[in-house]
Amino acid sequence: MQKFLYWFPRRFKERLPYLDLWVIIPYLILSIFGIVMVYSASADFYIQNGISAKSYLLKQAVWVMVGIVIMMFFFLINKKGFRNKGILKIGTLVMYVASFFLIFFGSNTNGATGWIYIGSFGIQPAEYLKLFIILYLSNILSLHQHRIELGEEISPKVTWSPMVMIGSLILLNFLQHDLGGSTINAAIAIVILFAGGKNYRKSVAGIFAGLAAFFILLTTVASKIDVHTSNYMLQRLVGFAHPFELSKGAGNQLVNSYYALGNGGIFGVGLGNSIQKKGYLPEANTDFIMSVIAEELGLIMVVIIISILFVIIFRAIILGTRSSKMYDALVCYGIATYLVIQTFFNVGGITGLIPITGVTFPFISYGGSSMMVLSATMGVLLNISASQRQALNEQKQIIEED
């Protein structure tokens with residue numbers, strides 16, 4: 001403890017001049033705005049059910065503060081810690097144990113078994129899997145950076161074992177009935193694998209082309225499914241294909257989201273004045289918080305929020321392209337993919353562009369696991385940015401001295 005108290009202020013002072021404002025400011029704006037909107041989205045409903053209106057406000061505020069601490073920790077520690085073999089092995093073991101536990105003993109929440117409850121506190125391992133995949137695959141592929149720099153393709157045998165391991169974890173995630181989480185994890189893995197040996201632009205184009213084909217297929221299949229199916233995942237597809245026909249069942253969420261979007265218009269009905277959040281729109285403070293924002297603050301605020309988030313995404317891509325180290329570049333591309341796909345799934349779901357997948361909106365939706373993982377990824381991104389800027393500054397000093 002004494003060593004930490006000595007290390008922290010010294011390390012913070014050393015790193016503070018290299019803090020990337022293009023990452024930290026949007027992160028703080030979105031997180032603080034999220035606290036306000038979680039309160040607005042949940043207050044009326046919980047008052048009706050005899051629960052304190054401030055309950056979720058206080059919980060989300062705590063998660064944001066914990067997230068900031070986590071972000072600072074990942075920002076300050078040495079990057080070598082992310083690549084530590086022992087830590088990655090422990091992470092692999094924890095992911096497997098958590099995944100098998102959820103499949104056999106997990107509590108069913110909204111049709112999925114993705115939560116481990118310790119008292120009233122819920123942990124969602126699929127969220128942590130996103131960051132694990134980014135760090136693990138980036139480390140594996142970057143071990144062969146010298147071969148790639150010589151123009152050699154990485155042999156499939158080199159990546160076969162880690163691909164099987166990551167693929168099995170994603171499959172276990174899917175078996176928890178978490179279509180959204182498993183698809184996001186698969187997208188992250190695919191982008192990193194492609195970016196590890198090929199041009200990043202090609203990999204991004206490939207992943208979006210693949211997703212487009214995937215959801216066109218889903219739309220086609222959804223229109224053929226029996227509307228009276230009892231399967232949870234199929235119900236989501238049917239609700240997407242026939243929302244108004246099933247407005248009192250599988251299509252209820254999407255229909256009420258449409259009402260919220262239509263009622264809000266361009267400028268909204270005013271903060272706190274949403275009608276749909278008063279019991280009509282399920283999961284108003286999590287999966288459908290953007291519907292509430294659209295109703296209360298209008299389309300213009302939705303555009304502003306997404307634009308602020310894309311500042312972080314573009315910054316991650318820029319840091320990746322500037323990096324001379326493959327590990328740093330792959331981590332940045334993985335983080336950018338994580339944020340882009342998660343945003344697309346959430347906004348696409350509430351607008352009816354794609355089936356609802358139960359994916360939250362980054363930094364805004366209520367949730368402890370999501371906020372902690374997102375904060376950790378921001379810390380990693382800030383760490384990479386600070387290392388780049390510090391190295392550049394040291395090079396300038398050497399040139400000036402010469």
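Everything numeric in this text was worked out from a predicted model, so none of it was measured.
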Chemist: Using modelled atom types only, decide if a donor and an acceptor are shared between the side chain of Q276 and the backbone of V292 within a distance under 3.5 Å.
Modeler: no
Chemist: Heavy atoms, side chains only, cut-off 4.5 Å: are I341 and I188 in contact?
Modeler: no
Chemist: Testing the basics here: between R389 and L19, what is the closest heavy-atom pair and its distance to 0.1 Å?
Modeler: NH1-O, 3.1 Å
Chemist: Does any non-hydrogen side-chain atom of L382 lie less than 4.5 Å from one of M72?
Modeler: no
Chemist: Over all heavy atoms of both residues, which pair between D20 and L319 is shortest? Give the atoms and the distance, please.
Modeler: OD2-CD1, 4.1 Å
Chemist: Given side chain to side chain contact (heavy atoms under 4.5 Å, CB included), test S375 with W63 step by step and report yes or no.
Modeler: CA-CA 10 Å; S375 296; W63 291 133; over 6 Å; no
Chemist: How would you list all residue pairs meeting side-chain hydrogen bond (donor to acceptor under 3.5 Å, both in side chains) that involve residues 292-308, not counting sequence neighbours?
Modeler: S40-E296, N263-E295, S274-E295, K277-E296
Chemist: Tell me, do F132 and L169 make a side-chain contact under 4.5 Å, heavy atoms counted?
Modeler: yes
Chemist: Mind checking whether V373 and I70 have side chains closer than 4.5 Å, heavy atoms only?
Modeler: no
Chemist: Tell me, with the steps shown, if Y327 and K79 meet side chain to side chain contact (heavy atoms under 4.5 Å, CB included).
Modeler: CA-CA 10 Å; Y327 176 79; K79 279 193 304 177; 5.5 Å; no
Chemist: Verify, without hydrogens or angle tests, whether R11 (side chain) and L76 (backbone) share a donor-acceptor contact under 3.5 angstrom.
Modeler: yes
Chemist: For a quick test of reading the model, state the closest non-hydrogen atom pair linking S365 to Q60 and the distance between them.
Modeler: O-NE2, 3.4 Å
Chemist: Measure the shortest side-chain to side-chain distance between L339 and M378 over non-hydrogen atoms and say whether it is less than 4.5 angstrom.
Modeler: yes
Chemist: Could you check whether any side-chain N or O of S138 sits under 3.5 Å from a backbone N or O of L135, counting only pairs where one atom can act as donor and the other as acceptor?
Modeler: no
Chemist: Are any side-chain N or O atoms of S385 and backbone N or O atoms of L381, one a donor and one an acceptor, separated by less than 3.5 Å?
Modeler: no
Chemist: Shortest non-hydrogen contact from S369 to Q124?
Modeler: OG-N, 3.0 Å
Chemist: Donor-acceptor check, side chain of N285 to backbone of A41, threshold 3.5 angstrom: yes or no?
Modeler: no
Chemist: Does I300 have more than 12 heavy atoms from other residues, nucleotides or ligands lying within 6.0 Å of its CD1?
Modeler: no
Chemist: Is the backbone of D287 close enough, under 3.5 Å, to the side chain of N346 for a donor and an acceptor to pair up by distance?
Modeler: yes
Chemist: In Å, rounded to the nearest 0.5 Å, how long is the span from OG1 of T286 to CZ of F288?
Modeler: 8.5 Å
Chemist: Give, for atom NZ of K325 and atom OG of S142, the distance between the pair rounded to the nearest 0.5 Å.
Modeler: 10.5 Å
Chemist: Just verifying a value: how many Å separate E127 CD and Y338 OH, rounded to the nearest 0.5 Å?
Modeler: 5.0 Å
Chemist: Out of curiosity, I293 CD1 to L271 CG, how far, rounded to the nearest 0.5 Å?
Modeler: 10.0 Å
Chemist: Show, in sequence, the C-alpha distance, side-chain angles and deciding distance for Q176 and N173, and conclude whether the side chain to side chain contact (heavy atoms under 4.5 Å, CB included) test is met.
Modeler: CA-CA 5 Å; Q176 298 158 25; N173 185 198; 3.6 Å; yes
Chemist: Are V94 and Y128 close enough, and set up right, to give a side chain to side chain contact (heavy atoms under 4.5 Å, CB included), and what steps lead you there?
Modeler: CA-CA 10 Å; V94 170; Y128 298 91; over 6 Å; no
Chemist: Is the shortest heavy-atom distance from the side chain of T360 to the side chain of Q342 under 4.5 Å?
Modeler: yes
Chemist: Can you find a heavy atom in the side chain of V359 that is under 4.5 Å from one in the side chain of F344?
Modeler: no
Chemist: Can you confirm whether I306 sits close enough to F361 that some side-chain heavy atom of one is under 4.5 Å from a side-chain heavy atom of the other?
Modeler: yes
Chemist: On a heavy-atom basis, which atom in S257 and which in I350 lie closest, and how many Å separate them?
Modeler: OG-O, 2.7 Å
Chemist: Parallel, tilted or perpendicular: which describes the rings of Y56 and Y366, with under 30° parallel and over 60° perpendicular?
Modeler: perpendicular
Chemist: For atom CZ of F314, decide whether the heavy atoms of other residues, nucleotides or ligands shown that lie under 6.0 angstrom number more than 12.
Modeler: no
Chemist: Measure the spacing between OG1 of T377 and OH of Y27 and express it to the nearest 0.5 Å.
Modeler: 8.5 Å
Chemist: Could you grab the distance from atom CZ of F363 to atom CD1 of I312, nearest 0.5 Å is fine?
Modeler: 4.5 Å
Chemist: What's the shortest heavy-atom distance between A126 and N185, and which atoms?
Modeler: O-ND2, 3.8 Å
